[in-house]
Amino acid sequence: MSGRPPVEELTPAAAAAELADLAAEIARLDAAYYQDDAPEVTDAVYDARRARNNAIEARFPDLVRADSPTRRLGAAPAAGFARRRHLQPMLSLGNVFSEADFAEFCARVRRFLGLAEDAAFAFVGEPKIDGLSISLTYEHGSFVHGATRGDGSEGEDVTANLRALASLPKRLAGAAPALIEIRGEVFMTKADFLALNAEQERAGRKLFANPRNAAAGSLRQLDASITAGRKLGFFAYAMGETSAPVAATHAEYLARLGAWGFAVNPLSRRLKGEGEVLAFQAEMAARRAALAYDIDGVVYKIDDLAWQRRLGFAGRDPRWAIAWKFPAERAETRLEDIRIQVGRTGALTPVAVLQPVNVGGVLVSRASLHNEDEIARKDIRIGDAVVVERAGDVIPRIVAVIVAKRPPGTAPFAFPTHCPVCGSHAVRPAGEAVRRCTGGLICPAQAVERLIHFCARGAFDIEGMGEKTVAEFYEDGLIHGPGDIFRLAAREAEIAAREGWGEVSARKLIAAIAARRRIPLARFIFALGIRRVGETTAKLLARHYGSFSHWRAEMNAAQIMGSEARSTLGNILGIGPAIAEALVDFFAEGRNRAVLDDLAGLLEIEDAEAAGAAQSPIAGKLVVFTGSLTTMSRAEAKARAEALGARVTDSVSRRTDYVVLGAEAGSKARRAAELGVTTLSEAEWRALAGMD
DNA sequence: TCCCCTCGAGTTCA
DNA sequence: CTCGAGGGGA
């Protein structure tokens, strides 16, 4: 800043005067920015003021004012977090753990793009910081809102908190698309984490387990001024929706981000091929400990954005990027007990109770043991010394038993043959891994789990009816079955009188329940918790039957008529014999039918939209590709077609809608002609599918 | 009949 | 997030 002496040369008196000026000035600028939405100065000027203020405060800690800008923020505290849908979903990433895995990833890319086996392509390697990813939306160059990743398609709106991050530009420098989503990572350095925890300890507050949690906890503060007081860093690294292309390669995109004013991880590097990737991975592993922040691996992205588009997604993971994780952290501890949990479907799941041990910054005291065989295979016994691992995922698992440290007198674990809750016989069908309680409707453990599922996200999604509440209400006899939830309104006073409850929370709960009386058919079916019927299958059924009454009638018919009607169920694509049987079993049980009657009287179940109402002309069509395609590989063509709602097979039949002929198409072209199936050239196909 | 992929059901800790 | 089973195509 010109015209001002360097901080080192300030006298205390001059410093005090300047801090007073800065406090007043920054307060005014904040008000203009946050309240009037009319910034008076550029962000660079604003940031320089804050930086100057911070520098002076650092040198004269005694002079920090009560109204110092570092102690408050102009933004009004947010009232809870609204949900915000991302314009484009935020990615998850596939993982690899070795050179061989990575080579396999590259081979898949080559196969998909139809490249030669020795074809080289460039990557960008980026250290994978253990923070929390967020999405920022800029309109006409201005930061308008930001959200956490959430489930990938919808996160929490933390705009006010993000405004408090100095490292995040409020305006993009230079030209930018009218609308653009920018993704990056909010993180805390190891040093700031330790300092924050020391501060927390001094203040008698709870400590954060690791920098990641500290960053998440700091960002997700309802009072944005707390966020402002925490030192959070931000690196931008990815793109979401954009109204205009901004680069041809990822490396260019990163440069663009830098030009706009974002911090981009300086360690990110363009790598010309697999050889350079290996070297980079080794380099990062070696530098990991010395870095200011925690990283758990390196993300490699294919540099060419046109290739990225072609590669697209397999499920939720992009085919054009991969996270190469460092080996998981491990720790040794003692297994104190094995407890058996009973799930919604009656599955008996063994869970290890561990002597709490710190694994990679998190205190682990439990780990799933999956099933009977897993325990037998590893010969896990109560009292054993075990190695616990927390891999890239968060979920700990037991890697092995240290047999040398096994105390005397242990015995192989005897898996119970009866349900620990209701005492019913627990059976394990031949060929299956899971042993299940046969108590069904009489088992209280299953009943609670079913109710929890009923209220959970994706099903009725009743706010305030979490696991604990449901379990307590069930235990105290407030609810026995799903219908009772919708009769709770009559017992509001009783709920308000419960420990930990009050009038306000009871009223809110009743309102949340009332808000869910109307429910789409698919969610309703999913909520029932029918075995083998998850979210996807429930949607499928809802679309097929359209209405609750139709579904119910058909299912009753199937139940009465047995195998014949069961085959009708089998005609729904995606419903095979096992799911059909699960459905018939559910309806065969009188108590389930009673629950349905009960709910039908309490709820308004919305009809599902008619099947196949999709917009693309190829949605629902059966397509066959033959011959060699010139503008894309076979796998790519298939993926694109499926993304547009078509089904792709390899053999031409009467049911085939289109046969797309590549060069040198042979027998399938002939067969298509014989059967009178419509054939398309590759160009015609691209036009029909809207790919050009 | 086999293989590949998707879906369901399970779980940890903050 | 992982594992196992189901579904569907080869």
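Residue numbers start from 1 in every chain, and the chains themselves are labelled A, B, ... in the order their sequence lines are given, proteins ahead of strands.
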S.K.: Looking at C:dA5, B:dA14, B:dC7, which one has an atom nearest to any side-chain atom of A:L363?
M.R.: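 From the listed options, B:dA14 comes nearest.
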S.K.: Please report the distance, rounded to the nearest Å, between CG in A:L583 and P in C:dG6.
M.R.: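 Rounding to the nearest Å, CG of A:L583 and P of C:dG6 are 14 Å apart.
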S.K.: Please state how far atom CZ in A:R435 lies from atom P in B:dA9, giving the value in whole angstrom units.
M.R.: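 It is 20 Å, rounded to the nearest whole Å.
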S.K.: When all nucleic acid strands are considered with a 4.0 Å heavy-atom cut-off, which category describes A:R212: base, sugar-phosphate, or nothing?
M.R.: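 Here A:R212 touches no strand at all.
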S.K.: Take atom CD of A:E581 and atom C1' of C:dG6, then tell me their distance rounded to the nearest Å.
M.R.: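 Going from CD in A:E581 over to C1' in C:dG6 covers 13 Å.
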S.K.: From the list B:dT12, C:dG6, B:dG8, which nucleotide is the closest neighbour of the side chain of A:T536?
M.R.: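 That would be B:dG8.
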S.K.: Quick one, A:L369 and A:V351 - any side-chain contact, counting heavy atoms below 4.5 Å?
M.R.: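 A side-chain contact under 4.5 Å is absent here.
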S.K.: Check whether any side-chain heavy atom of A:L583 lies under 4.5 Å from a side-chain heavy atom of A:V533, and answer yes or no.
M.R.: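 The answer is yes; the side chains approach within 4.5 Å.
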S.K.: Starting at CZ of A:R532 and ending at C1' of C:dG4, how long is that distance when rounded to a whole Å?
M.R.: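 Value for this atom pair: 11 Å.
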S.K.: To the nearest Å, give me how far apart CZ (A:R531) and P (B:dG10) are.
M.R.: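 In whole Å, B:dG10 P and A:R531 CZ are 9 Å from each other.
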S.K.: From CG of A:L369 over to C1' of C:dG4, roughly how many Å is that when rounded to an integer?
M.R.: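 Spelled out: CG on A:L369 to C1' on C:dG4 is 17 Å.
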S.K.: Nearest to the side chain of A:I579, heavy atoms from C-beta on, is which of B:dC7, B:dC13, C:dG6?
M.R.: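 The listed nucleotide nearest to A:I579's side chain is C:dG6.
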S.K.: So, do A:R310 and A:L113 sit near enough that their side-chain heavy atoms are less than 4.5 Å apart?
M.R.: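 Yes - at least one pair of side-chain heavy atoms lies under 4.5 Å apart.
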S.K.: Contacts to DNA chain B from residues 338-350 of chain A, heavy-atom cutoff under 4.0 Å, which residues?
M.R.: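 Contacting residues: A:Q341, A:G343, A:R344, A:T345, A:A347, A:T349.
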S.K.: Identify whether the distance between the nearest side-chain nitrogen and carboxylate oxygen of A:E535 and A:K539 falls below 4.0 Å.
M.R.: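 No, this pair does not count.
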S.K.: Base, sugar-phosphate or nothing for A:V434? Non-hydrogen atoms, less than 4.0 Å.
M.R.: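 A:V434: no heavy atom of the nucleic acid under 4.0 Å.
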S.K.: What's the CD-P distance between A:E374 and C:dG4, to the nearest Å?
M.R.: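 My rounded result for the distance is 8 Å.
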S.K.: Check A:D585 with A:R532, please: is the shortest side-chain N to carboxylate O separation under 4.0 Å?
M.R.: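 Between A:D585 and A:R532 there is no salt bridge, as every charged N stays at least 4.0 Å from the carboxylate O atoms.
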S.K.: Hey, does A:E104 have a side-chain heavy atom less than 4.5 Å from the side chain of A:I322?
M.R.: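 Heavy-atom side-chain distance check fails, nothing below 4.5 Å.
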S.K.: From A:E185 CD over to A:L132 CG, what is the distance, rounded to the nearest 0.5 angstrom?
M.R.: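 Result: 6.5 Å between the selected atoms.
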S.K.: Has A:S365 got a side-chain N or O lying under 4.0 Å from the OP1 or OP2 atom of B:dC13?
M.R.: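 True: A:S365 side-chain N/O within range (under 4.0 Å) of B:dC13 OP1/OP2.
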S.K.: Return the value, rounded to whole Å, for the distance between atom CD1 of A:I575 and atom C1' of B:dT6.
M.R.: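 So the two atoms are 13 Å apart, to the nearest Å.
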